[in-house]
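Below is one structure, written out as structure tokens; comments come after it.
Keep in mind that what you see is a predicted model, and the values were worked out from it rather than measured. When a ligand or atom number is given, it counts from 1 through the structure's own listing order.
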Amino acid sequence: MSGPPAETQMQFLFALRSRGVTERKVLQVMEAIDRGLFVRGIFADRAYEDMPLPIACGQTISQPSVVGLMTQALQLTGREKVLEVGTGSGYQAAILSKLARRVYSVDRHARLVREARAVFDQLDLSNITAMVTDGSFGLPEQAPFDRIIVTAAAEDPPGPLLAQLKINGIMVVPVGQSDAVQTLIRVRRTETGFDYDEILPVRFVPLLEGLGKDV
Ligand code: SAH
């Protein structure tokens, strides 16, 4: 595997650190997983810039520093079963796969799931299961989850996802209107309810209902 030139890699890691991605394990994994494999076409040469980029189906691969901050917010120990809603390019799922036990990642676009699976195979990431489904209903057959990460914006944390979170589990989700700045929030399930805290302002594509037309 080639990866970016050393100087590009250093700039990539510097941008992550300067935006608050400071956990050593997260940085190591982001150094090891080549973002260039998840970006195709005319934007491929910008894969190591800290910015979101267009992918197929009118979607985006998230900004690397946001991927890092969301990953840190999940406080993974390596033992968790994680659900990701919004596979997109598969980049976030690939990062999670190195820090958790098992990753289920779902997207409403079959094409994105197909392309992401090809990269997971190429990288031998055998603990990721990518599926085509409407993730606003979660993945009842694999619930409950230790962690849930939503990489598309919802107006509120979807009820079915809250219901599929284990007690002491953590969910990270951008909330707010899709055409405005949203807030990334962390939800912790307690014995008696849910605790919420705000992490940072973000901008994500919307969580949409139903399956994409390419299915
Ligand atoms: N995590 C991705 C970025 C995802 S962009 C990455 O690392 O590249 C958001 C994704 O959410 C899009 O691919 C979009 O198709 C998907 N999405 C939107 N609504 C959805 C829903 N209801 N169920 C599943 N996926 C959804």
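Within ligand 1, counting atoms from 1 as listed, the ones closer than 4.0 Å to a heavy atom of S62 are 3 (C). For ligand 1 and D134, the ligand atoms under 4.0 Å from any heavy atom of the residue are 21 (C), 22 (N), 23 (N). For ligand 1, the atoms sitting less than 4.0 Å from at least one non-hydrogen atom of S136 are 22 (N), numbered in the order shown with element in parentheses. Residue contact check: L112 has heavy atoms under 4.0 Å from atoms 13 (O) of ligand 1. Listed by number with element, the atoms of ligand 1 under 4.0 Å from a non-hydrogen atom of T133 are 23 (N), 24 (C). The atoms of ligand 1 that sit less than 4.0 Å from any heavy atom of V205 are 5 (S), 9 (C). Close approach of ligand 1 to H109 (heavy-atom distance below 4.0 Å) involves ligand atoms 15 (O). Which parts of ligand 1 touch T87 is read off a 4.0 Å heavy-atom cut-off, strictly below it: atoms 1 (N), 2 (C), 6 (C), 8 (O).
Atom OH of Y196 sits in a crowded spot, with more than 12 heavy atoms from other residues, nucleotides or ligands closer than 6.0 Å. Under a cut-off of 6.0 angstrom, the local environment of NZ in K98 is sparse, with at most 12 non-hydrogen atoms contributed by other residues, nucleotides or ligands. Atom CD of E198 has 12 or fewer heavy atoms from other residues, nucleotides or ligands within 6.0 Å.
What sits closest to atom 11 (O) of ligand 1 on the protein, heavy atoms only, is G86 CA, 3.3 Å. Looking only at heavy atoms of the protein, atom 25 (N) of ligand 1 is closest to R108 N, 3.3 Å. S89 OG, 2.6 Å is the protein heavy atom nearest to atom 8 (O) of ligand 1. Looking only at heavy atoms of the protein, atom 5 (S) of ligand 1 is closest to T60 O, 3.1 Å. Of the protein's non-hydrogen atoms, the one nearest atom 21 (C) of ligand 1 is L208 O, 3.5 Å. The protein non-hydrogen atom at the shortest distance from atom 13 (O) of ligand 1 is D107 OD2, 2.6 Å. Here the heavy atom of the protein found nearest to atom 14 (C) of ligand 1 is Q59 OE1, 3.3 Å.
At a 3.5 angstrom cut-off on N or O pairs, I61 does not count as close to ligand 1. At a 3.5 angstrom cut-off on N or O pairs, E209 does not count as close to ligand 1. Considering backbone and side-chain atoms together, G135 places an N or O closer than 3.5 Å to an N or O of ligand 1.
Each of Q142, E141, K81 was checked for a side chain to side chain donor-acceptor pair (under 3.5 Å) with Y104, and the lone residue meeting it is Q142. Between E80 and the options R147, R102, R101, a salt bridge (charged side-chain N to carboxylate O under 4.0 Å, His left out) holds for only R147.
Between D146 and K166 there is a salt bridge, since a side-chain N of the basic residue sits under 4.0 Å from a carboxylate O of the acidic one.
The two residues A56 and E115 make their nearest non-hydrogen contact at CB-OE1, 4.3 Å. L74 and I148 get closest at one heavy-atom pair: CD2-O, 3.9 Å. When all heavy atoms are compared, the tightest approach of T183 to V202 is C-CG2, 4.1 Å. Heavy-atom minimum distance, P64 versus M30: O-CE, 3.3 Å.
Between the side chains of R40 and S89, no donor-acceptor pair of N or O atoms lies under 3.5 Å.
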query: Where do T87 and E84 land on the side chain to side chain donor-acceptor pair (under 3.5 Å) test, with the steps shown first?
result: CA-CA 7 Å; T87 311; E84 180 191 28; 4.8 Å; no
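Residue-level proximity to ligand 1 for I55 is absent, since no heavy atom of it falls below 4.0 angstrom. Using a 4.0 Å cut-off between heavy atoms, V67 makes no contact with ligand 1 at all. Heavy atoms of P206 found under 4.0 angstrom from ligand 1 belong exclusively to the backbone. Heavy atoms from both the backbone and the side chain of Q92 come within less than 4.0 Å of ligand 1. The backbone and the side chain of T151 each have at least one atom closer than 4.0 Å to an atom of ligand 1 (non-hydrogen atoms only).
Proximity of a side-chain donor or acceptor of R186 to a complementary backbone N or O of A73 within less than 3.5 Å is detected.
Using cut-offs of 30° and 60° for the angle between ring planes, the F120 and F38 rings count as tilted.
Residue E84 places a heavy atom under 4.0 Å from ligand 1.
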